[in-house]
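Residue numbers start from 1 in every chain, and the chains themselves are labelled A, B, ... in the order their sequence lines are given, proteins ahead of strands.
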Number of protein chains: 2
Amino acid sequence: MARHAGVSPSTVSYVLSGKRSISEETRRRVRASIRELGYRPHAGARALASSRSNVLALMIPLRSGIAVPVVMQFAVSVVTAARRHDHDVLLLTQEEGEDGLRRVADSALVDALIVMDVQMRDPRLPLLRSLDRPSVLIGFPADAGDLTCIDLDFHAAGAVCVQHLAGLGHREIALIGSPPEVYARQTGYAQRVADGFAAAVGAHGLAGEVHPCEATADAARALVARLLAERPGLTGVLVHNEPVVGPVVRALRAAGRRVPEDVSVVALCPDEMAEHAEPPLTSVAIPAEEVGGRAVELLMSKLDGVPVPAATLLPPTLTRRASSAPAPS
Amino acid sequence: MARHAGVSPSTVSYVLSGKRSISEETRRRVRASIRELGYRPHAGARALASSRSNVLALMIPLRSGIAVPVVMQFAVSVVTAARRHDHDVLLLTQEEGEDGLRRVADSALVDALIVMDVQMRDPRLPLLRSLDRPSVLIGFPADAGDLTCIDLDFHAAGAVCVQHLAGLGHREIALIGSPPEVYARQTGYAQRVADGFAAAVGAHGLAGEVHPCEATADAARALVARLLAERPGLTGVLVHNEPVVGPVVRALRAAGRRVPEDVSVVALCPDEMAEHAEPPLTSVAIPAEEVGGRAVELLMSKLDGVPVPAATLLPPTLTRRASSAPAPS
DNA sequence: GTGAAAGCGCTAACAC
DNA sequence: GTGTTAGCGCTTTCAC
């Protein structure tokens with residue numbers, strides 16, 4: 001390659017990296033040779049010489065109770081953002097656990113790591129602290145210490161939904177939440193929504209409790225039936241459980257409740273899902289695209305030695321659609 | 001590392017790779033040092049010296065009309081299988097296209113490639129042929145040439161569903177298929193199901209046509225309404241479109257048709273989905289786990305220089321559940 | 001603005 | 001059964 005362009009290897013390297021100034025003429029010749037020969041620098045050699053692999057690890061959750069399409073959105077947005085920064089993404093499954101993270105980090109296969117589905121007391125936290133590579137958590141554990149975390153502000157999200165319903169005059173509401181195992185695992189976001197919900201319920205003087213719900217239509221139907229029977233005054237529901245959003249609405253209707261005339265429904269889910277529901281749902285978006293993108297940006301800053309805030313909480317945005325209305329009088 | 005164990009670097013390498021015999025004593029000492037020092041070979045150095053990165057590329061589809069959870073199942077099974085063979089997986093999105101494949105292959109970032117969502121005339125085919133690295137397609141293009149392909153035998157899958165319905169005495173049936181854009185792109189599997197369906201309909205002397213359907217509940221409802229209006233004798237439906245399986249069943253019921261007493265429904269979808277539907281659906285499984293695993297095995301064989309068959313078609317398995325019954329008389 | 005050369009940390013061919 | 005050594009193909013100091 002270098003000889004084809006009539007320059008030294010280092011010059012080729014510098015043309016590619018732009019780390020020192022090159023004469024217009026030389027740059028042109030090198031570029032021409034690159035195109036002609038279809039030259040690509042060898043990733044391994046590069047990683048060895050520069051101790052940068054330009055690869056990020058992304059560990060995605062697999063466990064029951066997680067919404068697969070949502071996870072996929074995160075993954076895609078991470079890959080897309082990484083490519084913008086000339087990085088690739090290595091896919092790890094949660095199953096690999098701490099060993100997987102250690103393996104790819106210590107072997108210098110990756111420069112940095114992103115982990116999703118963070119639990120309150122996550123066993124990966126001490127490991128991530130001990131690694132000499134930067135990492136970003138999508139989600140907040142109970143005690144992050146100085147680990148970098150980013151996520152939607154789920155506490156505020158839960159609260160803003162309650163506030164919306166309270167503003168519409170609803171007095172008795174309920175949260176249909178994630179599957180029980182998600183709470184049992186102490187997965188941060190589920191807990192935080194419940195907390196934000198409860199806090200706002202208290203602040204607004206409403207009645208309202210949290211009901212975990214399996215991610216099946218049957219479970220949703222059963223729960224709705226129970227709620228309607230036990231809480232005749234119920235007029236507002238917040239659903240934070242993607243797969244049962246549809247079933248909940250249908251169960252309400254099957255029980256003779258109109259949405260939104262009799263019962264208002266607010267969802268905490270990706271916008272696209274809320275838009276395409278029947279009826280379109282008032283919702284707080286889970287901004288997978290933005291979270292994934294920002295996670296990568298944070299990592300890039302850290303790799304460049306630029307300090308970043310330890311916590312990034314994205315404020316929730318509630319979009320009003322057809323599923324919520326003033327409480328019936 | 002080598003000095004800590006009191007051996008030469010090559011000995012460490014050989015202990016790790018097992019490529020030559022090592023005395024029990026030496027192996028023990030080396031292993032002990034590895035553990036003590038927490039030593040991990042540098043992935044880049046290894047790739048450079050051995051021209052093997054032990055990384056596979058997986059390009060996943062993103063385009064509209066594809067069922068995200070199904071794609072995710074493939075991805076997870078590929079990662080899991082790859083790890084069994086001591087390989088990692090680099091995630092590429094379809095958006096990266098041919099350039100992305102070329103980039104990771106030519107830079108030696110990956111040893112081999114897996115591409116999903118293959119179209120009949122896929123622009124990536126010539127590229128894959130030109131690369132000097134092995135690849136496997138999950139799906140079949142119109143003309144695979146000597147490219148290695150694996151997938152469920154969708155033609156047979158379509159046919160076996162028709163056969164099942166014919167055996168139950170149904171005479172008028174319909175295929176509710178993938179979204180129109182999937183056919184328009186000439187995506188292999190959609191076309192093949194339709195072909196297998198049509199062939200079997202002919203062979204059994206039935207009446208039946210193919211109806212593409214958008215992946216929304218609204219579209220499903222509208223299509224079911226139209227079918228019931230235009231085809232009063234319709235008693236059997238094959239659904240090959242994951243997101244609308246539920247909506248189709250509900251639309252039939254809403255129209256006063258019992259499932260399976262009045263209309264039998266057969267689905268072509270992952271088993272898990274069919275099991276959890278209401279009612280549980282007679283279905284032909286999309287064996288994501290097996291396809292992903294086999295794709296990796298094929299790649300490993302090719303990397304080892306072992307020849308593999310160009311085409312692997314997994315035979316369909318129909319599982320009878322509660323949604324199909326003899327045709328009403 | 002450019003080149004020469006010393007590694008980066010392994011693997012594998014070649015010794016013995 | 002083990003050690004020696006020559007690369008693998010880059011990046012980056014150092015020199016000019």
- Message: With a 3.5 Å distance limit and no angle check, can you tell me whether B:Q119 reaches the backbone of B:R185 through a side-chain donor-acceptor pair?
- Response: yes
- Message: Check this for me, if you would: do B:R29 and B:E25 make a salt bridge, where the nitrogen-to-carboxylate-oxygen distance has to be below 4.0 angstrom?
- Response: yes
- Item | Atom pair distance, as rounded to whole Å: CG in A:L16 and P in D:dT12 | 12 Å
- Between B:T26 and A:G44, just flag the one whose closest nucleotide in DNA chain D comes earlier from the 5' side. B:T26
- Query: Does B:S8 place a side-chain N or O at less than 4.0 Å from the phosphate oxygens OP1/OP2 of D:dG3?
  - Reply: yes
- Gap between atoms OH and C1', on B:Y14 and D:dT4 respectively (whole Å): 11 Å
- Message: Applying a 4.0 Å non-hydrogen cut-off, can you work out what B:S51 is touching in the nucleic acid: base, sugar-phosphate, or nothing?
- Response: nothing
- Task: Would you please say whether a donor-acceptor pair under 3.5 Å links the side chains of A:S10 and A:S13?
- Result: no
- Residue pair B:T11 / B:S8, side-chain donor-acceptor N/O under 3.5 Å: yes
- Message: Base, sugar-phosphate or nothing for B:V7? Non-hydrogen atoms, less than 4.0 Å.
- Response: sugar-phosphate
- With heavy atoms under 4.0 Å as the rule, sort A:S13 into base, sugar-phosphate or nothing. base
- Can a donor-acceptor pair be found between the side chains of A:S23 and A:T26 at a distance below 3.5 Å? yes
- Message: Can you measure A:R46 atom CZ to D:dT11 atom C1' for me and round it to whole angstrom units?
- Response: 9 Å
- Message: Determine whether a donor-acceptor pair (one donor, one acceptor, N or O, separation below 3.5 Å) exists between the side chain of B:R20 and the base of D:dG3.
- Response: yes
- Message: Regarding B:S10, tell me which of base, sugar-phosphate or nothing describes its non-hydrogen contacts under 4.0 Å with the strands shown.
- Response: base
- Between A:A49 and A:G6, just flag the one whose closest nucleotide in DNA chain C comes earlier from the 5' side. A:G6
- Figure out the CG/P separation between A:L109 and C:dG9, and round it to whole Å. 16 Å
- Item | Cationic N near anionic O, under 4.0 Å, A:E24 to A:R27 | yes
- Task: Select one nucleotide: of D:dC8, D:dC10, C:dT2, the one nearest the side-chain heavy atoms of A:S23.
- Result: C:dT2
- Message: Without decimals, in angstroms, what is the distance between B:R52 CZ and C:dT11 C1'?
- Response: 13 Å
- Message: What is the distance, to the nearest angstrom, from the CZ atom on B:R3 to the C1' atom on D:dT4?
- Response: 15 Å
- Note on the structure: Closest to the side chain of A:S21, out of C:dG1, C:dA13, D:dT12, is C:dG1
- Note on the structure: In whole angstroms, the gap separating P of C:dC10 from CD1 of B:I34 amounts to 11 Å
- Item | Minimum-distance nucleotide (side-chain atoms of B:P41 versus C:dG9, D:dT12, C:dC10) | C:dC10
- Query: Distance check: side-chain N/O of A:K19 vs OP1/OP2 of D:dT12, anything under 4.0 Å?
  - Reply: yes
- Select base, sugar-phosphate, or nothing to describe what A:R40 touches, counting heavy atoms under 4.0 Å on all strands. sugar-phosphate
- Just checking A:T11: base, sugar-phosphate only, or nothing, at a heavy-atom cut-off of under 4.0 Å? sugar-phosphate
- Atom CZ of B:R28 to atom C1' of D:dG1: distance rounded to whole Å? 16 Å
